[in-house]
Amino acid sequence: EAAVTQSPRNKVAVTGGKVTLSCNQTNNHNNMYWYRQDTGHGLRLIHYSYGAGSTEKGDIPDGYKASRPSQENFSLILELATPSQTSVYFCASSTSQNTLYFGAGTRLSVL
Amino acid sequence: GQQVKQSSPSLTVQEGGISILNCDYENDMFDYFAWYKKYPDNSPTLLISVRSNVDKREDGRLTVFLNKSGKHFSLHITASQPEDTAVYLCAAGETGANTGKLTFGHGTILRVHP
């Protein structure tokens, strides 16, 4: 049974629209992360969280916000989506011991 | 600058051969090093990891070698098989920072030909 679940799995959005990507984990891990994967760039960290109520900027936070309302849930919000945000987004959870457990990914296309 | 680098975007190996994947890093504070495997349209999964207090770790066909003075670590896959064909991502992080967050390389596509 998947311990990190992302929704939606696929999303098409219009430029300037608002997009919310959701992530739920049943690992009871304190730390959660949002990465994006692009050809030639590997995985790049957007935002992460130490626990409920906490959000921190990763390496490429511009254009994104994050929300961690509970231990289990971590959302990534694109207030004004742009075509450059077309990508595959991965959510992950971990303890402080570094092993990341990834969700299946969300493929986002911004037209 | 890029903190974790995989200089080879791709590698092709014959079945039964040894695959050697390389990774360089810049941050002296990194003390955790890992290799993740990713199939197309799937999520990355941890293959093997090592902490800085050792310079080698074996797990079946997989061995990680760590050279801290050279800021370099590598993954050796012996007896490579076609099902090893995938993208391999190296990653590094700081355990002391208590965040668990990792910095990834761009990935190396490994192709194992029968």
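Reminder, nothing fancy here: chain letters follow the sequence lines and each chain counts from 1. We use all heavy atoms of the structure for the numbers below, so side chains are in, but hydrogens, waters and symmetry mates are not.
In this structure, B:Phe30 has no ring pair (Phe, Tyr, Trp, His ring centres under 6.0 Å) partners at least two apart in sequence or on a different chain. Every residue meeting the ring pair (Phe, Tyr, Trp, His ring centres under 6.0 Å) condition with B:Phe104, not counting sequence neighbours, appears here in chain and number order: A:Tyr35, B:Tyr36.
With a threshold of 4.5 angstrom between heavy atoms, A:Glu56 does not approach chain B through any atom at all.
Hydrophobic clustering keeps A:Phe102 apart from A:Tyr89 (ILVMFWY residues linked when any side-chain heavy atoms are closer than 4.5 Å, directly or through intermediates). In the hydrophobic cluster analysis, where Ile, Leu, Val, Met, Phe, Trp and Tyr join through side-chain heavy atoms closer than 4.5 angstrom, B:Leu21 is grouped together with B:Leu66. Linking ILVMFWY residues whenever their side-chain heavy atoms come closer than 4.5 Å, directly or via other members, places A:Leu100 and A:Tyr50 in the same cluster. Note on B:Leu102 and B:Tyr25: separate hydrophobic clusters, where clusters join Ile, Leu, Val, Met, Phe, Trp and Tyr whose side-chain heavy atoms are under 4.5 Å apart, directly or indirectly.
Taking CG from A:Asp59 and OG1 from B:Thr103, the interatomic distance works out to 5.5 Å, rounded to the nearest 0.5 Å. Interatomic distance, NE2 of B:His106 versus CZ of A:Arg44, reported as 7.5 Å (0.5 Å rounding).
Atom OH of A:Tyr101 is surrounded by 12 or fewer heavy atoms from other residues, nucleotides or ligands within 6.0 Å.
Below 4.5 Å, heavy atoms of chain A meet heavy atoms from B:Asn42, B:Ser43, B:Pro44, B:Leu46, all part of residues 42-50 of chain B.
With a 4.5 Å cut-off on side-chain heavy atoms, A:Arg107 and B:Asp41 count as touching. Residues B:Lys101 and A:Leu45 form a side-chain contact, since some pair of their non-hydrogen atoms from C-beta on lies under 4.5 Å apart.
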What donor-acceptor contacts under 3.5 angstrom involve side-chain atoms of residues 84-93 of chain B, with partners at least two apart or in another chain?
{"residue": "B:Asp84", "atom": "OD1", "partner": "B:Arg61", "partner atom": "NH2", "Å": "2.9"}
{"residue": "B:Asp84", "atom": "OD2", "partner": "B:Arg61", "partner atom": "NH1", "Å": "2.9"}
{"residue": "B:Asp84", "atom": "OD2", "partner": "B:Arg61", "partner atom": "NH2", "Å": "3.4"}
{"residue": "B:Asp84", "atom": "OD2", "partner": "B:Gln81", "partner atom": "N", "Å": "2.8"}
{"residue": "B:Thr85", "atom": "OG1", "partner": "B:Pro82", "partner atom": "O", "Å": "3.0"}
{"residue": "B:Thr85", "atom": "OG1", "partner": "B:Val112", "partner atom": "N", "Å": "2.9"}
{"residue": "B:Tyr88", "atom": "OH", "partner": "B:Asp84", "partner atom": "O", "Å": "2.6"}

